[in-house]
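Keep in mind that this is a model prediction, so the values were computed, not measured. Chain identifiers are assigned alphabetically (A, B, ...) following the order of the sequence lines, protein sequences preceding nucleic acid strands; residue numbering begins at 1 within each chain.
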Number of protein chains: 2
Amino acid sequence: MRPLFHPSVEDVRPEAILHALSDPERAAIFAEISGAGCVQACSAVAVVGDRTIPKSSLSHHIKVLREAGLIRCERHGVEMRNHSRCGEIDGRFPGLLASILSAYALVARKVCGG
Amino acid sequence: MRPLFHPSVEDVRPEAILHALSDPERAAIFAEISGAGCVQACSAVAVVGDRTIPKSSLSHHIKVLREAGLIRCERHGVEMRNHSRCGEIDGRFPGLLASILSAYALVARKVCGG
DNA sequence: TTCAATAGTTCCGATATTCCGAACTATGGT
DNA sequence: ACCATAGTTCGGAATATCGGAACTATTGAA
């Protein structure tokens, strides 16, 4: 299998990032990947909140995140490992990802009453 | 004409903001409204870059920005005045709008070679 | 009050996107 | 070679977006 396409940092576009993260499920997936630094396998993030995401949808979400430049995906044996590109992106668009993830975290906290 | 719906600040959702600003034209419109503090009439923002936006599309963009909580719209006589709600939103999601607008500004600068 | 001009909204068909089950592909173990 | 595991692609239904044409709201003039 040929290596997956990843945009270089300088090709990353703000609209792609915002679009990718404008889906709360995708944002949650990205937050988990970023939090863990490296999340092993798509299946590891297949449950968001109380909903199990169908694997075709999950595959699509991962692809959107990858093509937006937000994550880096590598195959290790039979599974895929997803790494956040948070650091790279932050170098280019300082504070962007942090403020987006904080915004979602704030709302999640409120909704859950935690 | 009954007053337009505007969400209160605490009802503003991150996904709505990101979705609204994930369209570069809409982001440009919002940037202009925010820059001017108050932009008079939709027609004042009807040209983005080198493209003139059809008025039905513009009306739609303004509606999306309004319903996301990003702008406040008031009719003054025959025209609409659009105010940025940047301050309110920043109180709730600190740094979010600033980093998004900066990201777009950075890319625009690069593309235009200015 | 009637008419015209201006500013924006709504309608609706064409196009594009999203969602997800089913079928398919890739890799590792036996 | 075969099976199991992990993920991707296909395809069609549901949904969203775009924009021209028709419509509505407001002001000002006759």
For this session: Residues of residues 18-27 of chain B with any non-hydrogen atom less than 4.0 angstrom from an atom of DNA chain D: list those, numerically ordered, please.
Result: B:His19, B:Asp23
For this session: To the nearest 0.5 angstrom, please state how far the CD1 atom of B:Ile53 sits from the CZ atom of B:Arg26.
Result: 10.0 Å
Problem set entry | side-chain contact (heavy atoms from CB on, under 4.5 Å), paired with A:His6, selected from A:Arg85, A:Glu67, A:Glu74 | A:Arg85
Problem set entry | Whole angstrom value for the distance that separates C1' of C:dT9 from CZ of B:Phe5 | 18 Å
Problem set entry | Whole-Å distance separating the CD1 atom of A:Ile62 from the P atom of D:dG7 | 9 Å
Exercise. Nearest 0.5 Å, what's the CG-CD1 distance between B:Leu70 and B:Ile89?
Worked result: 5.5 Å
Exercise. Pick the nucleotide of DNA chain C nearest each of A:Ser56 and B:Val78; which residue has the one closer to the 5' end?
Worked result: B:Val78
Exercise. How would you label the contact of B:His76 with the nucleic acid (heavy atoms, under 4.0 Å): base, sugar-phosphate, or nothing?
Worked result: nothing
For this session: Measure the CZ-CZ distance between B:Arg81 and B:Arg75 for me, rounded to the nearest 0.5 Å.
Result: 12.0 Å
For this session: Mark yes or no for whether B:Arg66, through its side chain, and B:Phe5, through its backbone, hold a donor-acceptor pair below 3.5 Å.
Result: yes
Exercise. Nearest-Å distance, CD1 (B:Ile71) to P (C:dG8)?
Worked result: 11 Å
For this session: Nearest whole angstrom, please: distance from the C1' of C:dG21 to the NE2 of A:His60.
Result: 15 Å
Problem set entry | Upstream residue (5' side of DNA chain C) when A:Arg51 and A:Gly77 are each assigned their closest nucleotide | A:Arg51
Seminar exercise, completed: The reported gap from CD in B:Glu88 to CG in B:Leu97 (rounded to nearest 0.5 angstrom) is 11.0 Å
Problem set entry | Separation of atom CG in B:Leu58 from atom C1' in C:dT9, rounded to whole Å | 11 Å
Problem set entry | Reported CG-to-CZ distance for the pair B:Asn82 and B:Phe30, which is rounded to 0.5 angstrom | 11.0 Å
Please produce a list of atom pairs where a protein N or O lies less than 3.5 Å from an N or O of nucleotides 11-14 of chain D.
none

Exercise. How about B:Ser22 and A:Ser22: does a side-chain donor come under 3.5 Å of a side-chain acceptor?
Worked result: no
Problem set entry | Exercise: identify the closest heavy-atom pair between B:Ile62 and B:Ile71 | O-CD1, 3.7 Å
Problem set entry | Integer-rounded Å distance: D:dG7 P and A:Leu65 CG | 14 Å
For this session: Over all heavy atoms of both residues, which pair between B:Ser102 and B:Ala98 is shortest? Give the atoms and the distance, please.
Result: OG-O, 2.7 Å
For this session: Would you mind telling me which of C:dG8, D:dC18, C:dC20 lies closest to the side-chain atoms of B:Lys55?
Result: C:dG8
For this session: Using atom CE of A:Met80 as one end and atom C1' of C:dT27 as the other, report the distance to the nearest whole Å.
Result: 12 Å
Seminar exercise, completed: Computed from five pairs at either end and rounded to 10 degrees, the angle between the axes of the helix from C:dT1-D:dA30 to C:dT30-D:dA1 is 10°
Exercise. On a plain distance test, is the side chain of A:Ser59 in donor-acceptor contact with the base of D:dG7 below 3.5 Å?
Worked result: no
Exercise. Rounding to a whole Å, what distance do you find between A:Arg81:CZ and C:dA26:C1'?
Worked result: 16 Å
Problem set entry | Approximate separation, where rounding is to 0.5 Å, of B:Arg13 CZ and B:Phe93 CZ | 8.0 Å
Exercise. Do the side chain of B:Tyr104 and the main chain of B:Leu21 share a donor and acceptor less than 3.5 angstrom apart?
Worked result: yes
